[in-house]
There are 2 protein chains.
Amino acid sequence: MKRIINEVGDKLKANDYKLTTQRQQILEVLLESKDQHLSAEDIYTLVKKKAPDVGLATVYRTLELFLEHDIIHSVNFGDGRKRYEYGHSSSGHHHHHAICLNCGKIIEINEDLLEELEKQVGIDYNFTVTDHELKIYGYCGECNQNNK
Amino acid sequence: MKRIINEVGDKLKANDYKLTTQRQQILEVLLESKDQHLSAEDIYTLVKKKAPDVGLATVYRTLELFLEHDIIHSVNFGDGRKRYEYGHSSSGHHHHHAICLNCGKIIEINEDLLEELEKQVGIDYNFTVTDHELKIYGYCGECNQNNK
DNA sequence: ATCGATGCAAAGGGTTTGCAGGGTG
DNA sequence: CACCCTGCAAACCCTTTGCATCGAT
């Protein structure tokens, strides 16, 4: 984790931004909760445990900064708030989300069968694809079980 | 269009809801603007042309009602407001959206190469898929042109 | 000493809700 | 006349912004 923090620090410094204490703490929270899909408020609460004086505005401003520098990316599950995850979208990581309509659980999907579709879209619609986001809705195994 | 309106009316009546004048007008706006990705406010403005007395709350409540009855579905492009389209998601229609990061244009994608992925997810994650939503980000032909 | 970064509180934008009045069966 | 539906305004939630202060070069 230390390594990642340093990398982020360097990336920011390269663009004349600082990795301040608060920013580092926010980054730490994100790294400690990978694949948790935290909202800004979630992050705020977690950071407050380390640094009670942090402000919600700082969290928002930091997330914005991280987004601009491709340090994190955001996902929108349509529940009115954005979620944030460490890692940039263009890294080829490309994981998707399956959302259970019953319990709300979010499952990471690591298949990536979309290369072909991306290529096709580029050709058919003259569109240069830089990223994609796939959400799959349905019912998870547990909820299926319980509804039987 | 008349036919669709009647169908919707029947569907609502079957569940003890009425297709009131306002609801019908909202439905008409949605039918007249297919593939336009209207926000609630957009719809409100358009309905106001037909019926200046309509309230924004009614638009929201009607959209909610239509959503519950699978008459429309909503998409979230991450710009802070939901968009609404006539048609339910489980109809096999399944069109996707390509969003230009420069001009914001939204292009309908009608390919559907996701069946295979859906099947795989069902097997690998024990997840019953009912719907999916794909957003493709990048640059449209026009914006590519102009940036050269 | 400068200039970005922070915390607080207020403002903003989209959506929801409480309530009293209106319409329909 | 009962009950749903409506319009209005206020409330709500998440996010952004203004401003004075703080902190690191």
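Below, read A as the first sequence line, B as the second, and so on, with proteins coming before strands; counting in each chain starts at 1.
Looking at residues two or more places apart in sequence or on another chain, you find no side-chain hydrogen bond (donor to acceptor under 3.5 Å, both in side chains) involving A/N126. Applying the side-chain hydrogen bond (donor to acceptor under 3.5 Å, both in side chains) rule to A/D79 yields the partners A/R83; only residues at least two apart in sequence or on another chain are considered. Shown here are the salt bridge (Lys or Arg N to Asp or Glu O under 4.0 Å) partners of B/K34, two or more places apart in sequence or in another chain: there are none. Take A/K82 and apply the salt bridge (Lys or Arg N to Asp or Glu O under 4.0 Å) test, not counting sequence neighbours, and it matches no residue. The side-chain hydrogen bond (donor to acceptor under 3.5 Å, both in side chains) test applied to A/Y137 returns B/E133, not counting sequence neighbours. Every residue was checked against the salt bridge (Lys or Arg N to Asp or Glu O under 4.0 Å) condition with B/E41, not counting sequence neighbours, and none meets it. Taking B/E116 as the reference, nothing meets the salt bridge (Lys or Arg N to Asp or Glu O under 4.0 Å) condition, with sequence neighbours excluded.
Near-neighbour residues of DNA chain C inside residues 54-68 of chain A, defined by a heavy atom below 4.0 Å, number-ordered: A/V54, A/G55, A/A57, A/T58, A/R61. Of the residues in residues 4-30 of chain A, none lies under 4.0 Å from DNA chain D by heavy-atom distance.
For the pair A/N76 CG and D/dC13 C1', the interatomic distance rounds to 14 Å; values are reported in whole Å.
A nucleotide of DNA chain C counts as in contact with chain A when one of its atoms lies under 4.0 Å from a heavy atom; the first and last such, 5' to 3', are C/dA5 to C/dC8.
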Contacts table for residues 25-32 of chain A: side-chain donor-acceptor under 3.5 angstrom, sequence neighbours left out:
from, atom 1, to, atom 2, distance (Å)
A/E28, OE1, A/K50, NZ, 2.8
A/E28, OE2, A/Q24, NE2, 3.2
A/E32, OE2, A/K50, NZ, 3.1

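Using a distance-only test at 3.5 Å, with no hydrogens or angles considered, a donor-acceptor pair links the side chain of B/K135 to the main chain of B/N76.
Applying the ring-ring contact (aromatic ring centres under 6.0 Å, His included) definition to pairs two or more places apart or across chains, those involving residues 11-41 of chain A are A/Y17-A/H69, A/H37-A/F77, A/H37-A/H97.
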